[in-house]
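Scroll down for the structure; my scribbles are underneath it.
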Amino acid sequence: MAGHSDKPAKKEAMSDITILEHGSIWIEDGKIVEVGTDAEMREKYQGQLDSVTEIDASGKTVTPGLIDPHTHLVHAGTRENEYAMRLKGKTYMEIMESGGGIHATTRATQAASYETLYEASKKRLDKFLLHGVTTVEAKSGYGLTLEHELKQLKVAEQLRQNHPIDIVSTFMGAHAVPLDEKRNPEAFVTRVVEEMIPEVAERKLATFNDVFCERGVFTPEQSKRVLEAGKQYGLTPKIHADEIEPYAGAELAAEVGAISADHLLKASDAGIKAMAEKEVVGVLLPGTAFFLMAEFAPARKMIDAGVAVALSTDQNPGSSPTISLPFIMNLGCLKMNMTPEEVLTATTINAAHAIGCAGEAGSLEAGKKADITIFDVPNYLTLSYQYGMNHVDTVIKSGKQLVVEGRLQ
């Protein structure tokens with residue numbers, strides 16, 4: 001994935017994954033020093049080979065550590081009952097409007113202790129690691145009060161300090177209007193803008209600020225207000241856009257200078273064009289469309305239009321209860337007409353750009369963190385060809401082997 005650290009890969013460049021056969025990587029102090037052919041590296045470093053740890057990846061495929069740029073990592077509770085309801089014909093929005101959906105997870109998260117949230121989220125991170133992921137974005141949004149939003153963000157911050165996976169935090173107080181404030185959503189938006197955002201920013205608990213721009217949740221006008229307020233406090237905009245119906249979310253992402261617009265199942269042609277022009281990364285979440293039995297986002301149209309596309313699990317208990325980014329890669333190919341090369345780009349360097357960490361992760365290049373995933377497959381095509389399987393053999397995070405032969409160390 002070399003060569004795209006300054007700008008994400010677009011159009012044909014998403015297929016240029018710069019394969020190196022018989023390659024080796026030299027790592028010192030947790031950083032990549034050099035990448036080259038095995039013969040070149042052995043000759044250059046022959047005087048040091050007796051004193052280094054050598055990891056044999058013969059017959060396997062080595063990639064940058066996978067990056068998941070959209071998760072709802074910190075939460076309590078599950079929603080399998082809603083899964084059964086959807087199988088009987090209920091829609092996502094019908095369930096949410098009746099008090100389920102985000103509201104159900106909010107009740108569970110508010111009721112959970114800090115320790116309970118921490119332990120549950122740590123287990124999820126361990127599973128992400130086992131599936132080759134070395135960096136994740138984690139959103140709040142299941143608190144909907146300042147106290148509980150801060151609780152989620154504090155859990156993510158403690159995990160960032162204690163867990164080897166890198167965590168980038170997003171404040172998403174505007175995930176839903178609380179049920180008891182449905183008749184006066186403007187008052188809740190005001191509280192997010194005037195109370196929550198300043199406190200989150202002062203405590204330095206988030207890098208990004210997100211909002212669910214959707215009919216029945218937050219209007220484009222309310223969403224713009226939330227995102228512009230975040231910008232005043234140094235929080236970079238993100239947006240849940242055009243998931244259920246076209247709602248000018250993609251256009252708003254371009255207008256406010258969002259780093260990414262996510263979901264985009266129903267994004268308009270004008271919105272896609274605006275995202276391409278303003279260089280907004282399109283973070284697509286095929287696991288959500290799969291689980292909700294919905295139409296998939298038009299990835300091919302976006303890529304051809306010049307939008308830099310990334311992929312994510314959208315790990316959450318209601319619409320995408322998975323931690324398998326490799327499965328998301330399968331769906332990218334099988335359901336969104338992406339190529340195997342494009343899905344690799346979308347889960348490494350472009351995903352890094354979607355959360356602002358492309359300068360240190362997302363590709364195997366000198367100077368970057370030694371975040372590396374080794375898959376027990378003979379070539380990268382097998383990753384998107386064999387679906388629903390975890391081929392991760394080894395995960396190296398900042399130069400340390402954390403997963404060996406598919407097991408946590």
Side-chain angles (χ1 to χ4, degrees), residues 69-76 102-103 105-107 109-114 117-118 121 136-161 166-214 217-241 249 252-262 280 316 354-357:
H70 181 131
T71 83
H72 298 264
L73 174 75
V74 181
H75 67 265
I102 292 168
H103 301 297
T105 302
T106 296
R107 289 191 293 273
T109 303
Q110 288 181 347
S113 69
Y114 181 94
L117 281 177
Y118 180 90
S121 303
V136 302
E137 182 258 20
K139 302 179 189 294
S140 65
Y142 291 128
L144 303 188
T145 67
L146 178 59
E147 174 190 358
H148 294 292
E149 288 291 308
L150 291 177
K151 180 173 67 173
Q152 281 188 275
L153 291 168
K154 288 176 182 177
V155 167
E157 174 61 20
Q158 187 178 353
L159 286 167
R160 186 186 69 80
Q161 294 176 16
D166 283 330
I167 299 173
V168 180
S169 289
T170 296
F171 169 66
M172 197 178 180
H175 198 189
V177 180
L179 288 174
D180 59 359
E181 299 186 61
K182 271 291 187 182
R183 293 183 179 180
N184 191 11
E186 284 296 331
F188 178 71
V189 171
T190 296
R191 196 156 71 254
V192 170
V193 167
E194 297 182 0
E195 178 185 349
M196 297 189 195
I197 287 175
E199 187 72 15
V200 168
E202 183 178 348
R203 293 171 179 253
K204 295 181 168 41
L205 287 172
T207 302
F208 302 107
N209 178 37
D210 203 341
V211 61
F212 192 0
C213 182
E214 191 67 57
V217 191
F218 296 100
T219 67
E221 294 75 22
Q222 291 167 337
S223 300
K224 181 178 179 181
R225 187 180 168 203
V226 169
L227 297 178
E228 291 290 357
K231 286 167 64 176
Q232 292 178 11
Y233 285 91
L235 300 178
T236 302
K238 282 181 168 286
I239 182 170
H240 282 51
L252 178 58
E255 181 184 349
V256 301
I259 193 170
S260 76
D262 303 23
V280 180
N316 76 83
I355 54 175
C357 65

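Sequential numbering from 1 along the given sequence is applied to the chain's residues. Here the structure is a predicted model, which means the values were calculated and not measured.
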Taking atom CE of M196 and atom CE of M172, what is their separation to the nearest 0.5 Å? 13.0 Å
Checking E228 against Q232 for the side chain to side chain donor-acceptor pair (under 3.5 Å) test, could you report, in this order, the C-alpha distance in whole Å, the side-chain angles of both residues, the deciding distance, and whether it holds? CA-CA 7 Å; E228 291 290 357; Q232 292 178 11; over 6 Å; no
Residue that, paired with K139, satisfies side chain to side chain donor-acceptor pair (under 3.5 Å) out of D210, N316, T71: D210
Where do T106 and G141 come nearest, in terms of heavy atoms and distance? OG1-O, 4.3 Å
Which pair of non-hydrogen atoms, one from F188 and one from A176, has the smallest distance, and what is that distance? CE2-O, 3.4 Å
Do F212 and I102 touch side chain to side chain, with heavy atoms closer than 4.5 Å? yes
S140 OG to F171 CZ distance, which is reported to the nearest 0.5 Å: 5.5 Å
What distance do I239 atom CD1 and N209 atom CG have between them, rounded to the nearest 0.5 Å? 10.5 Å
Would R160 and E157 pass as an ion pair if we require N to O under 4.0 Å? yes
Within the 4.5 Å heavy-atom criterion, are F218 and P185 side-chain neighbours or not? no
Can you name the closest pair of heavy atoms from V256 and K231 and give their distance? O-NZ, 3.0 Å
Separation of I197 CD1 from L227 CG (nearest 0.5 Å): 8.0 Å
When every non-hydrogen atom of V193 is compared with those of A229, the smallest separation belongs to CG1-CB, 3.6 Å
More than 12 heavy atoms from other groups under 6.0 Å of CD on E202: no
In sequence, state the C-alpha distance, the side-chain angles, and the governing distance for E199 and R203, and then conclude on salt bridge (charged side-chain N to carboxylate O under 4.0 Å, His left out). CA-CA 6 Å; E199 187 72 15; R203 293 171 179 253; 2.8 Å; yes
Could you measure the distance from the OG1 atom of T219 to the CG atom of L252? Nearest 0.5 Å is fine. 9.5 Å
Heavy-atom closest contact (I259 atom, G356 atom, distance): CD1-N, 3.8 Å
Test your reading of the model: is there a side-chain donor-acceptor pair from T109 to the backbone of A76, 3.5 Å cut-off? yes
One thing to verify: whether E181 and R191 come together as a salt bridge, which I'm taking to mean a side-chain N less than 4.0 angstrom from a carboxylate O. yes
Which atom names give the shortest non-hydrogen contact between L153 and S169, and what distance separates them? CD2-CB, 4.3 Å
Do K151 and K154 touch side chain to side chain, with heavy atoms closer than 4.5 Å? no
Are side-chain heavy atoms of R107 and L179 found at a separation under 4.5 Å? yes
How are the rings of Y142 and H75 set relative to one another: parallel (under 30°), tilted (30 to 60°) or perpendicular (over 60°)? perpendicular
Could you give the distance from OG (S121) to CD (Q152), rounded to the nearest 0.5 Å? 8.5 Å
Measure the shortest side-chain to side-chain distance between H70 and K238 over non-hydrogen atoms and say whether it is less than 4.5 angstrom. no
Is it the case that more than 12 heavy atoms not belonging to K182 sit under 6.0 Å from its NZ atom? yes
